[in-house]
**Student:** 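What follows is a structure written as C-alpha cells; I'll ask about it next.
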Amino acid sequence: MPDIARYFPITDPTLIFFVVLCIILFAPIIMGKLRIPHIVGMVLAGVLVGEYGFDILKRDDSFELFGKVGMYYIMFLAGLEMDMESMKKSKNHFLIFGLLTAGLPFLITYLTAPWLLGYSPTASLLLGCIMASNTLVAYPIVSRYGLQQHPAAALSVGSTMIALFLSLTVIAAISGSFSGNSSLGFWLLFLAKIIAFCAALILFIPRITRWFLHRYSDAVMQFIFVMAAMFFSAALAEVAGLEGILGAFLSGLILNRYIPSLSPLMNRIEFIGNALFIPYFLIGVGMLINVRVLFHGGNIVWVVLFMVAIGILGKALAAYLACMLFKMPLSSGHLMCGLTSAHAAGAIAMVMVGMRLEVSPGHYLVDNNMLNGVVIMILFTCIISSIITERSAKRLVLQSKASQTDTKKQDDEKIMLPVKYPELAEGLLNVAIMMRNPKLNRGLIALNIVYDDDHRQENQKQGRQLLEQLVKTASAADVRMQTQVRVAANIANGIKHAFKEYDASEIIMGLHIHKEISPKFWGEFAQSLYNGLNRQIIFVRLKQPLNTLRCIKVAVPSRAEFEAGFTRWLERLVRMANNLDCRIVFYARHDCNQLIDDYIRRKHPSARSEFETMEHWNEMPRLANHMNDDHLMVFVTSRKGNISYKTAFEKLPREIEQFYSGKSLMIVFPDQYGDRMDSMTFAEPQHKEEKSAYKEFIDWVHRFTRRRPSA
C-alpha cells in the first residue's frame, strides 16, 4: 500500500489554490446541510487542513497575501455599506457603544487576569486590549441577509473601529514604555501622524475619486482604482503607526457616497471579496489554530476558558446595556453581541507585538500559554459569533417581512428604457437602477426603435449590439433585463405600442447630451408620445456620472400634490437620492413641501431632504444661479388639461436652453388617469388595483391638508 502521507503537506501553489477553491465551494454546502453558518465551516476547514490538523496544506505566502486582503476587504465593505446619514444622526450612540464594547471587556480582563491567571499588570493590560478589540468576522452574514444598514449592524461596525483604535493606542503606549519612547514627544508625534493620516485621506481621496469616475467609465479601471485607494489607505495607516484595517475602513467610509449600494461597481466589489479573499482569510485564520494544545495538560484549558468567557461576556454586557440605553429591541442586542464578540485580526496583531517585548533576558511579555490561549480563543469566539449573528439576522429578517405589507401586489413598477444613443444608454440604465425597488426584484425593459427604411437591417444590428451591452451592465448589478429591437414608421408610436405590450409602468428616456431641447422635440415628439399614453415619462440629460452628483434639486409646480402620479415621481426621486447618498432639495409651495416632508419621514426617514418655498414657476432663473456642475435639476411638469398644468411650461424649453445649458437635468411628466380632472375631484383610474391605491392616496392627501383639492 503506497504511503500517502509523503505527498503532504502540499507545497505546489497550483494544488494549494485548487484545494482552497474546493474548500470555498464545498464548505457552504456541507455547513448548510448541518445548519451551521458558512463562516464557521471556513475556519474549521482551515483547522483540519492546516499544520495542526491533518497537515494537508502548507501555509505559504499566498495565505499571508490573500488573508491580509480578505481582512482589509471585510473592513472596507463595512465602511462602504454603512448608512452615513444614520451615522451622523446617531454619532453619540456610536461613541457610547464604542466605549462600552471596548471598556467593559478591558476592565473585566485587567482586574481579573492577575488574580485568576497570575499575570503581571503589564501582561494583563495587553490581554485587556486584546479582549477590548474585535474583528467583524461575521459581517458577511449581515451582508448576505441585506442588513448592512440596520441600526444594530451600523452601531457594531462603528464601535468596532472605536474599540480597535483605543486598543491600538494602549498597545502603542505599552510598546513605547518598553523601548523608552513613552515621553511627551512620542505621543505628540503619534498624534500628529494620526491627524496627518486622516487629513490626507479626507482631502485627497474624494477629489481624486470624483476626477477619475468622471473621466473613466470602464468597469475594470474603476474596480482597480477602488482597490488601489483601499490599499493606499491601509499602507498609510501602517506608516502612521496604526493597523492597516483602520485605513481600509476609513477608505470605505470616504468612498461610501461614490459607490451606490445598487451599482454594478458595488456588485463587483462584493462578489470578488465574498467569493475569494474573505474565505481565504477565514481559512488562513483556521490554519493558525492548534487545538491539540488543549490536551497537553497544564493550565492552558483554564486560560482558554477564561479568555472565551471574558471575550463573550464583556461584549454581550456592552451590547445589551447599549440596547437598553438606546431603547432598541432585544433582537438588535443579539445582533450587536454576535457581530462584536469575534476576535481574529486585531488579536493576532496585538499578540505579535507582545511577543517582541522582552521583560527580562529570554522572557517575553507574551508567553506560550497566552499565545496558544489567544489563538484557540479566536476559534471559539468566531464560531460563537457566527452562530449568534446568523440566528439574530434570520430573526430580524423574519420580523421585517411580517411587518411589511405585500408590496408586490400594490406596486406595478415596470420601467421601460427607450435607448438609441450608446453614449446615453448606460446613464439611463444607472438612473433606472437607482430608481427601481430592489425588493420587488423586477427586471427592466430596454427598447430600441428602428425606422422602417432602407437602413433598417444595419440599424437593427446596431440596436441589438447596444441592447446586449446594456444587458451585460445590468447583469453586473444583478438586474434582469428584457430587450426588444422594434421596427416602426414613427418613434413615438413604436414606444407606445411596446409600452402597452410589456404592460410597463413608466418610461425613462434620454435627451441627447450634445443638443439642447428643441421646440420640435418638446412639441411634436413629446405631444405624440403623450397621446394614448397617460403614464409617467422621465427625460434625462446627464452631463457627468450619476454617482458623482452631490445634490438633486426638484422644482415642483403648485397643486402638483393633487396629481394622480404625485407619489410615484416622489418615491422614485427620493429613492435615487438615498441610493446616491446625496441631498435632495424641494422647491415648492409651503403646503406641498409639508406633504412631501410627511411622506419622506414615513417612507424614507434617512433621506437628506431639504425644503425651500417657491411661490411661482417664474423663479426658474433664480434657481439656476445656485446650480453647480455636480447638481441635478429636476422639473416636475404636467400635461395640458391637468390640475397642475400652467402656461409657463410652454416657456420651459427656452428657459432650460438659456439658464441651464450644460447642466444635468431631468424632466418629469407624472402619471395621469383619464383625460381631464374635475374641478373638485381627481380623475378616477380604470383598473381595480389602481383604484384601491389611488383611493388610499386621495384619503391621505385629504387627511394631511384637511381640505379638498381645488383647480
Side-chain angles (χ1 to χ4, degrees), residues 27-29 31-42 74 77-78 80-83 85-87 90 93 97 136-160 260-262 266-267 270-271 273-275 278-279 282 315-316 319-320 322-323 326-342 382-411 413 436-442 477-480 575 578-579 602-607:
I29 298 173
M31 293 297 109
K33 291 185 179 298
L34 298 175
R35 295 187 178 182
I36 298 174
H38 303 168
I39 288 174
V40 175
M42 300 292 179
I74 290 175
L77 284 175
L80 208 57
E81 294 172 340
M82 281 196 72
D83 185 350
E85 193 60 25
S86 297
M87 187 177 176
S90 309
H93 288 185
F97 184 43
L136 294 171
V137 169
Y139 187 78
I141 296 174
V142 171
S143 297
R144 194 169 72 247
Y145 283 99
L147 296 172
Q148 301 97 316
Q149 296 188 357
H150 190 279
L155 279 173
S156 301
V157 172
S159 68
T160 295
S261 58
L262 301 176
M266 185 66 174
N267 189 268
E270 288 182 332
F271 175 78
N274 292 326
I278 293 175
L282 296 171
K315 297 294 182 179
Y320 294 119
C323 201
F326 306 150
K327 297 180 180 178
M328 299 172 71
L330 191 61
S331 54
S332 295
H334 296 330
L335 187 66
M336 291 156 67
C337 172
L339 280 172
T340 57
S341 56
C382 285
I383 293 173
I384 295 170
S385 167
S386 301
I387 292 172
I388 295 173
T389 303
E390 180 94 17
R391 290 181 177 176
S392 56
K394 280 183 180 177
R395 192 174 294 117
L396 284 171
V397 169
L398 290 173
Q399 288 174 357
S400 66
K401 284 183 177 179
S403 63
Q404 289 175 355
T405 57
D406 190 359
T407 55
K408 291 190 177 183
K409 292 182 180 178
Q410 296 179 357
D411 199 328
E413 177 188 289
R436 71 188 282 271
N437 186 352
K439 293 179 181 177
L440 297 176
N441 197 26
R442 291 184 186 145
D478 274 345
V479 176
R480 292 177 292 107
R575 194 183 288 160
N578 249 348
N579 289 327
R602 290 188 300 109
K603 299 285 188 178
H604 302 279
S606 62

**Student:** Within this structure, what is the OG1-CG distance for the pair Thr160 and Leu339, rounded to the nearest 0.5 Å?
**Tutor:** 7.5 Å
**Student:** Identify the heavy atoms of Cys323 and Pro329 that sit nearest to each other, and give their distance.
**Tutor:** SG-O, 3.0 Å
**Student:** With heavy-atom distances below 4.5 Å as the criterion, would you say the side chains of Thr340 and Phe97 are in contact?
**Tutor:** yes
**Student:** Got a second to check how far Met336's CE is from Lys315's NZ, nearest 0.5 Å?
**Tutor:**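 Reported value, rounded in 0.5 Å steps: 11.5 Å.
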**Student:** Quick one: do Val137 and Ile74 satisfy side-chain contact (heavy atoms from CB on, under 4.5 Å)? Show the steps, please.
**Tutor:** CA-CA 8 Å; Val137 169; Ile74 290 175; 5.6 Å; no
**Student:** What's the spacing between Ser392 OG and His150 NE2 if we round to 0.5 Å?
**Tutor:**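 Ser392 OG to His150 NE2: 9.5 Å, rounded to 0.5 Å.
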**Student:** Starting at CD1 of Ile141, measure out to OG1 of Thr389 and round the result to the nearest 0.5 Å.
**Tutor:**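 Nearest 0.5 Å value for the CD1-OG1 distance: 5.5 Å.
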**Student:** What's the shortest heavy-atom distance between Met42 and Leu282, and which atoms?
**Tutor:**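 For Met42 versus Leu282, the nearest heavy atoms are CB-CB, 3.7 Å.
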**Student:** Stepwise, does the side-chain contact (heavy atoms from CB on, under 4.5 Å) test hold for Ser341 with Ser385?
**Tutor:** CA-CA 6 Å; Ser341 56; Ser385 167; 3.6 Å; yes
**Student:** Which heavy atom in Ser386 sits nearest to a heavy atom in Ala138, and how many Å separate them?
**Tutor:**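 The pair with the smallest heavy-atom distance is CA-CB, 4.3 Å.
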**Student:** Between OG of Ser143 and CG of Leu77, what distance do you get to the nearest 0.5 Å?
**Tutor:** 6.5 Å
**Student:** Judged by atom type as modelled, is there a donor-acceptor pair below 3.5 Å linking the side chain of Ser156 to the main-chain atoms of Ala152?
**Tutor:** yes
**Student:** Can you check side-chain contact (heavy atoms from CB on, under 4.5 Å) on Phe326 and Leu155, steps first, answer last?
**Tutor:** CA-CA 11 Å; Phe326 306 150; Leu155 279 173; 4.1 Å; yes
**Student:** Carefully, step by step, assess Leu396 and Tyr145 under the rule side-chain contact (heavy atoms from CB on, under 4.5 Å).
**Tutor:** CA-CA 9 Å; Leu396 284 171; Tyr145 283 99; over 6 Å; no
**Student:** I need the Asn578 CG to Lys603 NZ distance, nearest 0.5 Å.
**Tutor:** 13.5 Å
**Student:** At their closest point, which heavy atom of Met328 faces which heavy atom of Pro151, and how far apart are they?
**Tutor:**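 Closest approach of Met328 to Pro151: CE-CB, 4.2 Å.
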**Student:** Within the side chain of Glu413, is there an N or O that forms a donor-acceptor pair under 3.5 Å with the backbone of Asn437?
**Tutor:**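 Yes; at least one donor-acceptor contact below 3.5 Å.
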**Student:** Keeping Arg395 on the side-chain end and Leu335 on the backbone end, is there a donor-acceptor pair under 3.5 Å?
**Tutor:**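 The answer is no, because no donor-acceptor pair under 3.5 Å joins these two groups.
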**Student:** Can you list everything that forms a salt bridge (charged side-chain N to carboxylate O under 4.0 Å, His left out) with Glu390? Sequence neighbours excluded, please.
**Tutor:** Arg144
**Student:** Does Asn579 have any side-chain contact (heavy atoms from CB on, under 4.5 Å) partners at least two apart in sequence or in another chain, and if so, which?
**Tutor:**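 Once residues adjacent in sequence are excluded, the partners of Asn579 under the side-chain contact (heavy atoms from CB on, under 4.5 Å) criterion are Ser261, Leu262, Met434, Arg575.
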**Student:** List for me each residue that meets side-chain hydrogen bond (donor to acceptor under 3.5 Å, both in side chains) alongside His334, sequence neighbours excluded, and say none if there are none.
**Tutor:** Tyr320
